[in-house]
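Remember, it's 1-based here, ligands and their atoms both numbered in the order they're listed. Counting begins at 1 with the first residue of the sequence. Because only heavy atoms are used, hydrogens play no part in the values below, and waters and symmetry mates are left out as well, while side chains stay in. All of these numbers come straight from a predicted model, not from anything done at the bench.
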Amino acid sequence: EEGITVGELAEKLGQTPANVIKVLFLLGTMVTINSALNDEQVELICLEYGCECEKHIPVDEINFENIEVVDDEKDLQPRCPVVTIMGHVDHGKTTLLDTIRKSAVVDGEFGGITQHIGAYQVEVNGKKVTFLDTPGHEAFTAMRARGAQVTDIVIIVVAADDGVMPQTKEAIDHAKAAGVPIVVAINKIDKEGADPERIKAEMAEEGLLPEEWGGDTVYCEISAKKKIGIEELLETLTVVAELADLKANPNRYAYGSVVEGKLDKGRGAVATLLVENGTLRASDPIVVGAAFGRVRQMLDDKGRVIKEALPGTPVEITGLNEVPVAGDKFMVFESEKQARSVGETRMKAKIEKDRNSGAALSLDDLYSQI
Ligand code: GTP
Ligand code: MG
């Protein structure tokens, strides 16, 4: 089918040439009835009209939003747990993570308010644990919801001198909706007016009855700032993670979620990804949301170049044609061509969706004027 023209293909498909031209136009390519099409374009048009063609890619069968891959039990290996830290504004989430990491993220943050989800990997008792920090500000509900979705365990931080606040409740709701174990960290116990018992009573009212009161929620009393109770908290996490018996198959193409996407002046589209299953490798062909490309450079959370990332690992990659959005799913494909085809189809669907919602310029209107 090499070199088939728009007119010829349209005839084969029983479509008008104008329709074929429109499909390509929506994908960002201007063609005329006599333009010769390459393989990829032919494939995409065939996909659009739901017909068989050689090397057909069943894009419809790839449900990114709800990837369910069943691995053989024998292929599964223990993986690194993902722990999300949530709670109300200023209750000490970033300070806690900072103490766990023994670095200085809090000082470097603008105004001390977490603006986005930070992803870090830390070694606890010789085992790797991935931590996601989330903003407590009320404007970031969606981020907390996404954080809860990719997590294995949620730590809810409550300041002992403050109490259960709106975003504390919201964090509990997200964790419950995600069906993951909750560990409560009562923070700032060093402060005057700290009243851990009152916090427990308030949290019990939200359905998190402490173990020592006959419930099944583990509470840790800590001071993130004064480094009190941190060992016990980490010990608790280790136990909860072990009970969860987390496994993944490192010997498959990677898939997972976008933690953050941004445009970097020098590096282009940069995405922080969390590998949920499989192993992500440098130069892998990849589709991320509606973006695609090849993993050009892959960095770990400490900014070091790495060649591969195992399940549960957060990484930063470059090499995408667009900036993905937090919460988008990613998936590795066998060939770059496949990734491009799937990516372009998804981009087209996205454009169409935006157009239908009236958010973007109507390309249909535009087309009718050509
Ligand atoms: P957002 O990201 O804005 O939601 O806040 P956060 O929960 O990450 O709080 P952050 O770690 O930025 O801490 C807020 C303030 O509380 C900072 O001034 C910290 O120094 C202080 N703080 C955090 N933990 C403790 C603690 O254990 N004791 C005391 N006394 N102060 C703390
Ligand atoms: Mg913070």
Side-chain angles (χ1 to χ4, degrees), residues 82-122 129-151 153-175 178 182-200 202-203 206 208 218-237 259-260 262 272 274 301 314 326-327:
V82 179
V83 179
T84 301
I85 305 181
M86 287 195 234
H88 198 73
V89 173
D90 279 351
H91 279 197
K93 301 174 291 295
T94 304
T95 307
L96 170 61
L97 185 50
D98 183 43
T99 297
I100 292 172
R101 297 168 62 212
K102 299 183 187 73
S103 60
V105 177
V106 179
D107 294 338
E109 267 181 32
F110 181 72
I113 295 171
T114 302
Q115 300 289 338
H116 55 78
I117 301 182
Y120 311 95
Q121 208 168 42
V122 176
V129 180
T130 294
F131 286 95
L132 299 180
D133 188 11
T134 63
H137 191 279
E138 60 185 329
F140 295 99
T141 302
M143 281 196 185
R144 281 186 293 277
R146 287 194 288 264
Q149 276 156 25
V150 296
T151 202
I153 301 167
V154 169
I155 299 181
I156 296 182
V157 176
V158 199
D161 64 334
D162 198 3
V164 173
M165 301 297 281
Q167 272 61 60
T168 317
K169 290 186 186 177
E170 197 216 84
I172 295 169
D173 291 343
H174 287 315
I182 297 171
V183 173
V184 179
I186 300 179
N187 190 32
K188 308 198 187 186
I189 56 160
D190 62 293
K191 282 185 89 169
E192 211 169 308
D195 188 353
E197 294 307 301
R198 180 173 58 84
I199 305 298
K200 283 180 200 168
E202 289 180 15
M203 291 295 271
E206 302 301 320
L208 298 176
V218 182
Y219 282 70
C220 295
E221 295 179 23
I222 65 165
S223 166
K225 200 174 176 178
K226 299 275 160 70
K227 302 178 175 46
I228 302 165
I230 306 300
E231 286 303 311
E232 290 83 347
L233 176 63
L234 294 177
E235 199 62 48
T236 301
L237 285 181
V259 171
E260 194 199 347
K262 64 180 182 207
T272 303
L274 181 70
D301 59 327

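Checking side-chain atoms of E202 against main-chain N and O of G163 turns up no donor-acceptor pair under 3.5 Å. Under the 3.5 Å distance criterion, the side-chain polar atoms of D301 are matched with a main-chain donor or acceptor of Q121. For the pair T99 (side chain) and A224 (backbone), a donor-acceptor distance under 3.5 Å is present.
Note: no N/O pair closer than 3.5 Å links I189 and ligand 1 by distance alone. Checked by distance only, ligand 1 and L96 stay at 3.5 Å or farther apart across all their nitrogen or oxygen atoms. Taking only nitrogen or oxygen atoms, main chain and side chain alike, K226 does not reach within less than 3.5 Å of ligand 1. Considering backbone and side-chain N/O of T134, none are found under 3.5 Å from N/O of ligand 1.
Counting only non-hydrogen atoms, the option in K191, K188, E192 that gets closest to atom 15 (C) of ligand 1 is K188.
For ligand 1, the atoms sitting less than 4.0 Å from at least one non-hydrogen atom of S223 are 26 (C), 27 (O), 28 (N), numbered in the order shown with element in parentheses. Distances below 4.0 Å separate heavy atoms of G92 from the following atoms of ligand 1: 6 (P), 7 (O), 9 (O), 10 (P), 11 (O), 13 (O), 23 (C). Distances below 4.0 Å separate heavy atoms of T95 from the following atoms of ligand 1: 10 (P), 11 (O), 13 (O), 19 (C), 23 (C), 24 (N). Atoms of ligand 1 found under 4.0 Å from any heavy atom of D190 (numbered from 1 in listed order, with element): 26 (C), 27 (O), 28 (N), 29 (C), 30 (N). Within ligand 1, the atoms closer than 4.0 Å to a non-hydrogen atom of T94 are 2 (O), 6 (P), 8 (O), 11 (O), numbered from 1 in the order shown.
Proximity of L96 to I230: side-chain heavy atoms (C-beta onward) are separated by under 4.5 Å at one or more points. Side-chain atoms of H174 and T141, non-hydrogen and from C-beta on, do get closer than 4.5 Å to each other. Side-chain contact between N187 and H91: absent, with no pair of heavy atoms (C-beta onward) separated by less than 4.5 Å.
Closest of all the heavy-atom pairs between L132 and A119 is CD2-CB, 3.4 Å. When all heavy atoms of K93 and M86 are compared, the pair lying nearest together is CD-C, 3.4 Å. Here the closest heavy-atom approach between residue A160 and residue K188 is recorded as CB-O, 4.1 Å.
Using a 4.0 Å heavy-atom cutoff, H91 is listed among the residues neighbouring ligand 1.
Distances from the Mg ion (ligand 2) show that T94 has an N/O/S atom below 2.8 Å.
Counting heavy atoms under 4.0 Å from ligand 1, residue N187 touches it through the side chain alone.
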